[in-house]
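Here is the naming used below: chain letters follow the sequence lines, and residue numbers restart at 1 for every chain.
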Amino acid sequence: MSPIIGEPADGFRVDFDSNPSLLMEYRFRDIERKWQAQWEARGAYRVTNDPSRPKCYVLDMFPYPSGAGLHVGHPLGYIASDIYSRFKRLKGFNVLHPMGFDSFGLPAEQYAIEHGIPPAVSTDRNIANFRAQLDRIGFCYDWTREVRTSDPSYYRWTQWIFLQLFDSWYDRRQRKARRISELKEILETSGNHDHPCPGDPGLSLAPGEWSSRDEKAREDILMHYRLAYCGHGEVNWCEALGCVLANDEVVNGVSERGGHPVVRRRLRQWYLRITEYADRLLEGLATVDFSDSMKEMQSNWIGRSQGAEVEFEVRTGDAPPDPARRIRVYTTRPDTLFGVDFMVLAPEHELVPSLITEDCRAEAEAYLAWVNSRSERERMAEKRITGAFTGSHCIHPFTGRPIPVWVSEYVLAGYGTGAIMGVPCGDERDHRFATHFGLPITNIIGEAYDGTQANPTKDAVLVNSGFLDGLVMREAIDKAVDRVEADGIGRRRVNYRMRDAAYSRQRYWGEPFPIVWQEGIARPLPEGELPLLLPPLEDLRPGPGGEGPLANLPDWKQTPDGVREVNTMPGFAGSSWYFLRYMDPGNETEFCARTASDYWGQVDLYIGGTEHAVGHLLYSRMWTKALFDLGLIGFDEPFKRLVNQGKIGGDSRIAYRIRGTNRFVSAGLRDAYETDEIHVDVSMVDGIELDTESFRHWRPDLHDATFELEDGKYRCGSRLEKMSKRYHNVVNPDDVVERYGADTFRMYEMFLGPVEQDKPWDTKGIEGVHRFLKKTWRLFMDETKGCIVTDGEPSDAEWKALYRMVRRIGEDTERFSFNTAVSGFMIGVNELTDLGCRKRKVLEPLLVTLAPYAPHLCEELWQAIGHADTVLDQSFPTVEEHYLVESSKAYPVAVNGKTRSELVLPVDADQQTVEAAVLADPVVKRWLEGKTPKKIIHVPNRMINVVV
RNA sequence: GCCUCGGUGGUGGAACCGGUAGACACGCAGGACUUAAAAUCCUGUUCGCCGAAAAAGCGAGUGCGGGUUCGACACCCGCCCGAGGCACCA
């Protein structure tokens, strides 16, 4: 990484307005400052909702305004979307390209606790800093549409949408959300027979039963249907953070942030019933343009599996079978039903205590106690096979064979039914279990099972399988379930890995819930009382009993009508719908007018990182579907096309300190010593050469550092790793913009490689792009003569150079290939330079084409060649194809697939002409060695191949 | 273990549908201009062989091994390596 050292070449400043002759050289700093101010003053990026024009909605994932500010990796996606937006504007679209801030969240709260600065204050400060950094890069955001999730005028509507979800339930028959009032009617007139309760599957309401329940009981039932509901559940409790974490915030049993241990705890929590949307979220992926890996991640997360639930009767000792004590297992392989050799229940399974017999009690209870003593983390990390026999048996429903029932921690209480049937010959894990405990193994797949390893095939032919004998497993699946259903011992069932999303946090810096608890009933605040403001609070420590900091405000918590909910909403609340607010940001009576959302519709292009693959994207997709179901918007997928920008990695520089000394040895010589690695701040290094003076002044402990040089230089080691303060390898865009200009920075970030790809930052290459812009400048301007653009008629060669470039830029920009577009500009400008082209008719369209990439330079030159209007609103040039038509083509001529010669032939030459020309070619003759070719393949406009 | 995406010169990368591999840059080497530097411009730059050199030529070459094809970086089969995601999910 190249350092940003010293003053730039043209360091002195001159007032360009009073001294216009100095504009003859490319003074990017003055030019950029001038046009940023003018665009701002003119409202050049103001967007109106104008239904008479075709729309294009280009959106960046809005940032969390962290205190660290932007590094060079953040703007990558912003630049791509900015270029695309400007390009679409030139193509005649009304482009919505807004920006805002996801400004609620944990870091600001953490910062407040550590430094005593209120989150609202530090957040404002960070936003101001972000805004300044973004502005220097010259983005075309319409800042009048900015949203901040922590602004009351915004979160008022986050609260409002929450209330809509609270007032909705999911009708599985109609596959859509409906209002709670409609549910009440249904329950009242016909009970819940047609609408089983998602939150309480056992609930059965006969017609008429509804009205006989008291209000509390009715509200409890409704709560089990609501899309936003309050429930008690096992949650991921993190003692260190004093809060509950969502499943996707827990990684391997520790918190994603901070890596603190997480344990299971039962708490009252708000949830979003996203599981009801599982199928639609899955199906919606087919209608949307996301990358394969993104779709893959989402469907993995949803984790749909198809199978059957089968009930097994239990026999404990001599007691008669008890229909209430059946074990329900979930399996995706009902075809292996005859291969069941044991049952395994999760230790938490409710039947476990009643299944343990006297003979087995000591051992089984010891096992359960052991499991209970282990944290979730330990259980998940466990690789050994453990378990205990309960002493009870099941009866195989088809063979009557007794099957031993075991308990083991590898079966999860929360997935499926919390019980599985063990089929050792077909399942790897079951096989290990059976072998470990010496259980007999039934083979139902004949030779497909080798006796030592399970075979999970679906293509073997079943044996030992009663009515399934002779069938291929794949086909036996349906047959088995048909029989299970016919015999009334089970049913088809679809299962999901995804859980409902935990929607409350015991935190301060988030949206307060517009809910008041009244004798155990959650009462929504009337719409007119929104927003429910987040009260100012000094002390942000958690409240008592796992409640959030708001519980420390008794006056706020207690209202005449009851007790306020003191939890706040999670980070994803505000970000789940922000793309709608940009459409109608100032609306004080609606979250977004239907006319606005009908006009702008789906986001045509959404750019952001992969890290939001399952969280943010699934939540906002679900919110969109719910709002659509309720008729509040007209589309049910928010993002038509998603592009994931790659991460820009840091290129670290490392110095080697001889152990136990303050002497540093150059990288090439370090093998002679035992050394420790020190990450050196990249701003002190030129290439790999360390500026030893700056290094000495970097930290007090380095003042007396000494160096062992090679060739008079101290060379650093280098390593590619994450761009992070910790490694001192962060490059700030401000520095790059100051040294090379925003236009160079924009184009260089694009030139680095495909946007989707991860790549290291290397400042070295930026010179090439900067040279290109200077070269472009010199097409228009001469240092001594000033503007040198002429009015003559361009030559065919000049037209051709222009249109070839325009065509390429148009195609590349449309398909997001910005790196090749930049190279297309370079080729075009090189050609025009070689041709000495100064013609206005060529150079004007060049400026328009380049404007999305280098807006400041283009606007300046646009003005310099005599325009009073802005280059931003011109039309993208139309390619005059006839200048590009070639009459002849230099064909590569291959003999047996190897290129040997080149022949210039007319493009429309027929086969005979081509063959004659080829055979007459001396090089071809030499390779033929007098033989007659078998065939001459001629692909017009491509190549010629002679087959001997 | 499973899934997805990758692997091309010293470096970043290009080759869009199976048709001249290495565009465009960086770096490096040499040169011009200059008192000098910056800036700018020119030439060369995949590797090996042949050659004093240039030109020309020959051979190899897109992670490895096979295959399909007149022709493969691209398609098929089997591996290796890297990045990311999922993972006792029944």
Side-chain angles (χ1 to χ4, degrees), chain A residues 2 9-10 25 252 291-301 303-305 307 329-333 336 344 346 379-383 385 408-412 414-423 426-430 432-433 495-498 610-611 613-614 644 646-647 687 748 751-754 756-769 771-772 774-775 778 783 808 811-812 815 817 819-828 830 833 890-902 923 926 933-939 941-948:
Chain A
S2 159
D10 47 348
E25 63 179 297
N252 293 327
S291 71
D292 287 348
S293 59
M294 187 63 42
K295 290 185 177 183
E296 183 73 19
M297 277 186 237
Q298 293 205 6
S299 46
N300 279 346
W301 186 258
R304 184 183 204 267
S305 73
V329 301
Y330 175 71
T331 176
T332 55
R333 295 297 301 275
T336 62
V344 191
R379 285 178 61 174
M380 283 172 79
E382 184 60 81
K383 290 275 172 278
I385 298 156
S408 175
E409 63 175 357
Y410 83 81
V411 176
L412 308 174
Y415 185 80
T417 59
I420 62 156
M421 56 182 215
V423 182
D427 184 281
E428 180 69 29
R429 206 185 32 210
D430 295 346
R432 284 201 307 269
F433 193 86
N495 215 12
Y496 302 94
R497 200 184 72 93
M498 181 173 65
T610 14
E611 64 272 24
V614 289
N644 298 110
K647 285 192 239 322
Y748 182 56
F751 191 55
L752 234 34
E756 289 100 327
Q757 203 168 295
D758 289 355
K759 55 217 155 222
W761 175 264
D762 170 19
T763 305
K764 272 261 144 60
I766 202 169
E767 298 283 353
V769 172
R771 259 172 232 156
F772 156 74
K774 284 196 278 193
K775 200 165 180 177
R778 286 197 304 271
E783 268 184 50
R808 176 157 186 193
E811 287 168 1
D812 287 356
R815 71 188 170 96
S817 182
N819 54 328
T820 54
V822 174
S823 114
F825 281 121
M826 289 171 168
I827 293 168
N830 285 344
T833 303
Y891 280 93
V893 182
V895 178
N896 282 337
K898 285 196 198 304
T899 308
R900 299 296 181 189
S901 180
E902 192 174 87
V923 181
R926 201 174 72 231
K934 271 192 205 139
K935 201 163 37 162
I936 294 176
I937 294 161
H938 166 229
V939 183
N941 240 326
R942 290 283 184 198
M943 44 62 70
I944 295 163
N945 190 16
V946 183
V947 186
V948 186

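Between the side chain of A:R497 and the main chain of A:N300, a donor-acceptor pair closer than 3.5 Å is present. Without hydrogens or angle criteria, A:D758 side chain to A:K647 main chain gives a donor-acceptor distance under 3.5 Å. Judged by distance alone, with hydrogens and angles left aside, the side-chain atoms of A:T610 form no donor-acceptor pair with the main-chain N or O of A:A613 at under 3.5 Å.
Regarding contacts with the backbone of B:A90, every side-chain N or O of A:Y330 stays at 4.0 angstrom or more from both OP1 and OP2.
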Under 4.0 Å protein heavy-atom contacts per nucleotide of nucleotides 42-50 of chain B, with B for base, S for backbone only and - for none:
---------
Can you run through RNA chain B from 5' to 3' and write each base as (, ), [, ], | or . depending on how it pairs? Watson-Crick or G-U wobble, both distances under 3.5 Å.
(((((((..(((......[....)))((((((.......))))))((((.......))))..(((((..]....))))))))))))....
What pairs of nitrogen or oxygen atoms, one from the protein and one from nucleotides 55-61 of chain B, lie under 3.5 Å apart?
unit_1: B:G59; atom_1: OP2; unit_2: A:R900; atom_2: NH1; d: 3.1

What pairs of nitrogen or oxygen atoms, one from the protein and one from nucleotides 13-20 of chain B, lie under 3.5 Å apart?
unit_1: B:G13; atom_1: OP1; unit_2: A:Q757; atom_2: NE2; d: 2.9
unit_1: B:G13; atom_1: O3'; unit_2: A:N819; atom_2: ND2; d: 3.3
unit_1: B:A14; atom_1: OP1; unit_2: A:N819; atom_2: ND2; d: 2.9

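Annotation: salt bridge (charged side-chain N to carboxylate O under 4.0 Å, His left out) contacts of A:R333 (sequence neighbours excluded): A:D335. Among residues two or more places apart in sequence or in another chain, the ring-ring contact (aromatic ring centres under 6.0 Å, His included) test is passed with A:Y891 by A:H938.
Of the listed nucleotides (B:C88, B:U40, B:A87), B:U40 has the atom at the smallest distance from the side chain of A:R771. You'll find that the side chain of A:R778 is closest to B:C41, out of B:C41, B:G27, B:U4.
For the atom pair CE (A:M421) and CG (A:D430), the distance works out to 9.0 Å, reported to the nearest 0.5 Å.
Aromatic ring centres of A:F751 and A:F772 lie farther apart than the 6.0 Å criterion allows.
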